[in-house]
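Working notes for the structure below.
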Amino acid sequence: MSTSKSKTKAKAKHDVKAKAKSKSKSKSMKSSKIRFEIDGKECTAKPGQTIVEAARDNGVYIPVLCWYEGMEPAGICRMCMVKVGGRTMPGCTTPVAEGMIIESDVPELEDMRKAMVEMLFVEGNHLCPTCEKSGNCDLQALGYRYRMMVPRFPYQFPLRLVDATYTKIMIDNNRCVQCRRCIRGITTKDGRHVFAMTKRSGKSTIVADRELEAKISDALAKKAMDQCPVGAILKKETGFALPIGRRKYDKAPIGTEVHK
Amino acid sequence: MSTIEEVVQKAVKKQGKDPTGMLEIIRDVQAELGHVPDKAKSLIAAGMGLSKADLDGIVSFYHFFSEKPVGKYAVYLNNSAVAVMKGREAVARAFEQEAGCKFGQTTPDGIIGLHDTSDIGMNDQEPAAIINGVVFTGLTPEKVKDIVSQMRSGKDVTEMVKEYGDGLNGSEIVRSMVKNNIRKKGAVIFAPFEQGSAVKKAVRMTPADVIEEVKKSNLRGRGGAGFPTGMKWEFTRNNSKGKKAFVVCNADEGEPGTFKDRVILTELPRMLFEGMSVAGYAIGADRGILYLRAEYEYLLKYLQSVLDAMRKGNLLGRNVAGKKEFNFDIEIKLGAGAYICGEETALLESAEGKRGEPRNRPPFPAQYGYQGGPTSVNNVETLCAAARVMILGGEEFAKMGTFQSHGTKLLSVSGDCQKPGIYEVEFGISLQSLLDEAGGSDAMAVQVGGPSGKCVPAGEFGKKISFEELPTGGSMIVIAPGRDLLTIVHNFMDFFVEESCGWCTPCRAGNVILRERLEKIMARKGTESDLAELAQWCAVVKTMSRCGLGQTSPNPIATTIENFRSVYESRLQKGVGFVSEFDKDKAVEEYCRIAGRTPYTEGR
Ligand SMILES: Cc1cc2nc3c(=O)[nH]c(=O)nc-3n(C[C@H](O)[C@H](O)[C@H](O)COP(=O)(O)O)c2cc1C
Ligand code: SF4
Ligand code: FES
């Protein structure tokens, strides 16, 4: 709460929410473009856009993992950390402000982002060759992007639960990266969460609500699986529909869909 | 015995289905049933329009809520570093021996449950434990023997307290053995305070003038971050037009080694509540919330009685202090055991009845706080100081202290010193003179500001306690020569690992990794490169973390590497490139136990 600038930023954040609700409002704002700079490239943004969104629109890829198009950003994975005026901040939750000068593709940040990927690899049990999500997995793709040969941190080899006792889905906690896309993205018609985070610290674990999960549509179960960046949520009885080798990141590395 | 349905129904009804009452509902159910079983969670979820998974999430977040029975007598023994210094391990073993179960377990008959818990705000009278909400201090193995035998005979815990503490701890309504240990009184907090004087002065001014006066005093937040209080109130006021604004008092006091807010809550609650009213008047709020950590639940009834008395005296309620249309009242919300709930946005989430996970900023609480209303979150001591500013005037207040730190600071001194307790000092006194007063002159180090602060070596004891030189939220842990620093650092890392909310990657995964590397060095398996990496990894966690917890949790390691490098160096293997941390004996331990073998180690 240090500067009046931060106030305008917050106002912008509310506008993000407001925008989602009323399209007319965003139209009327279209005229007022925000100018900003990222890694020396001059860019423009719509009022209320976050740094990550605005960068995407300008063909600049800031690595993300917990971020997902259309979901309220959560600031979990810290892949999107950028530098503004010497301060490090998450690009996915920080709104762009007029005249912002953003550093993203700098060695210091890239190394720390790589460290985040490596932390996730050692924190869970990620055995790509046996995973249904291989080739469609954001974590794996980021591992390749950062040319991770072996994580700098020692493996934790935690004991984690594989829960196949659900009706529509199964949860393999070995692979969970705690991005909370499932919590944010999957709700019932009356707005109740199908997924929730339990416990805290390194013990925090995703669970599904048994009663609600049993009643979700096949489409919603598929959505839960597709939105999960890794192979932690799988829809039962539909494994390996698309063969490995023909999957998203088999065709082009992560980031190339944005970076021109 | 009422059924689970009846218990839940009653608890939900009491809160009128208000979602912010969730923690109260769970607390009631836990108190009645001794735990929160699955069925109760389903029923609460149904009653409150949430999913059962959400209830799993909330219940499992808080340390004092439990899905398993915690015991008819639930013993929560503090495991902080100072408790360990003061003999906590012997007390723990005595509990285990007398009760007949280990920590983390409940006796087969369900009578006694033994649980570890993070710092409970009693560092000047450790070892200490909370049993069914009642605080037991100065524990020894002998006392434990007595306590356990009384539990076995079915005695009520309140009757086990034989001697009461000083001051209002001994009053009819508190009846606690906790001591205040006020060692030094200063001109802001412990100077004489006349009931009503602060709020009466405030309401004679305009709200804008009140803010101006606080700005003039240069009062900065006492909760740790040191943000200028007048400015915070102004931001909040600027956002409050046409909206419901709130004053929230942060009484979570979770930083290990601090206990000064506890003493204010015991001795000066009227001053605190007046400070809240002053804030409410200034920012245009009609509701105040005191977020009280669960560990201080023993003060709840007492604090409520003070609020009642103030309502009767027209110092709360409608037209406060005779000021037309200034309506202000205060409610108390209890936490449930989570250090992170001291972080202001996590506190707001928790006060709203959710998991205490920090929010993303912006927006800041001054814009979007409790239930979305503009909110000023202030520390207990800050609000008392604001009351004093009203009485003294801003200019007079600003005369005390240093260039950037005005007024006084309450310090909670504990550890290796003869006179642990509360010291109210003017900003600018040197650490050495504090140590001289507290009887800890020959200290090797002082942990200033608690684990999240800094480990200060003797060479820097000449530094001044102030925001500019040695900032502190109040925790001052004195460490004598001869103590093993790394054991203390390790205890602090245990604390952060346990208390991380788990939201962001660097804090959740990083602190575990830092602790593991520290353990490698402590086990004399570290090399120069291990130490260099450890320092780099501290920087990664600090830079990438989302809130103040992860941004400071590497400090115990980082500041001791900086100031006590030789402590690490002396345990390194020199001239070796790499030593594996793999411990074969440990890896085959389980196998050996099952197979009844002893591990074979070459050369041993
Ligand atoms: C992990 C963490 C724990 C905190 N615990 C407390 C606390 O127990 N009490 C407190 O007043 N402030 C605590 N704070 C600081 C608060 O976030 C906030 O800055 C403070 O309550 C503001 O009040 P002040 O301006 O009066 O200091 C904590 C911060 C963090 C990051
Ligand atoms: S830094 Fe730690 S406590 Fe703070 S949001 Fe991240 S995980 Fe939670
Ligand atoms: S994408 Fe910003 S924190 Fe995950």
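The structure displayed is predicted, hence computed values, not measured ones. Chain naming here is simple, since letters A, B, ... match the order of the sequence lines and numbering starts at 1 in each.
For the atom pair OG (A/Ser201) and CG (B/Asn511), the distance works out to 10.0 Å, reported to the nearest 0.5 Å. If you take CE on A/Met119 and OG1 on B/Thr505, they are separated by 8.5 Å, rounding to the nearest 0.5 Å. How far CG of A/Leu109 is from OG1 of B/Thr543: 9.0 Å, rounded to the nearest 0.5 Å.
For B/Ser42, no part sits under 4.5 Å from any heavy atom of chain A, backbone or side chain. In this structure, chain A has heavy atoms under 4.5 Å from both the backbone and the side chain of B/Ala338. A/Val177 touches chain B through its backbone: at least one of N, CA, C or O sits under 4.5 Å from a heavy atom, while the side chain does not. Proximity to chain B (any heavy atom under 4.5 Å) is shown, for A/Ala74, by both the backbone and the side chain. Residue B/Arg359: no heavy atom, backbone or side chain, is found under 4.5 Å from chain A. Neither the backbone nor the side chain of B/Gln536 comes within less than 4.5 Å of any heavy atom of chain A. The parts of A/Thr198 that come within reach of chain B are both its backbone and its side chain, each placing non-hydrogen atoms under 4.5 angstrom from that chain.
Taking the centre and axis of the six-membered ring of B/Trp503, the NZ or CZ atom of A/Arg180 falls inside the cone set by 45° and 6.0 Å.
Among B/Arg355, B/Arg361, B/Glu498, the residue with the largest count of heavy-atom pairs under 4.5 Å with chain A is B/Arg355. Chain B forms more heavy-atom pairs under 4.5 Å with one residue of A/Met197, A/Gln156, A/Met81, A/Met79 than with any other, namely A/Met197. Put simply, of B/Ala539, B/Ala53, B/Pro228, the one with the most heavy-atom pairs under 4.5 Å next to chain A is B/Ala53. No other option in B/Cys504, B/Ser51, B/Gly57 has as many heavy-atom pairs under 4.5 Å with chain A as B/Ser51. In terms of heavy-atom pairs under 4.5 angstrom with chain A, the leader among B/Arg517, B/Glu499, B/Met544, B/Glu516 is B/Met544. Comparing B/Glu533, B/Glu357, B/Glu581 by heavy-atom pairs within less than 4.5 Å of chain A, the highest count is held by B/Glu357.
Summarising the local packing, NZ of A/Lys236 is surrounded by more than 12 heavy atoms from other residues, nucleotides or ligands at distances under 6.0 Å. More than 12 heavy atoms of other shown residues, nucleotides or ligands fall within 6.0 angstrom of atom OH in A/Tyr155.
Not one N or O on the side chain of B/Arg546 forms a donor-acceptor pair closer than 3.5 Å with the backbone of A/Cys77. A/Arg200 places no side-chain N or O within 3.5 Å of a backbone atom of B/Gly502 that could act as its donor or acceptor partner. Panel note: side chain B/Ser60, backbone A/Lys199; a donor-acceptor pair is recorded below 3.5 Å.
With a 4.5 Å cut-off on side-chain heavy atoms, B/Lys52 and A/Leu212 do not count as touching. The shortest side-chain heavy-atom distance between B/Arg508 and A/Gln178 falls under the 4.5 Å cut-off. Side-chain contact between A/His193 and B/Leu50 is absent, with no heavy atoms from C-beta onward closer than 4.5 Å.
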Given the rule in the side chain to side chain contact (heavy atoms under 4.5 Å, CB included) test, do B/Val540 and A/Arg78 qualify, once you have shown the distances and angles that lead to the verdict? CA-CA 11 Å; B/Val540 172; A/Arg78 317 310 278 177; over 6 Å; no

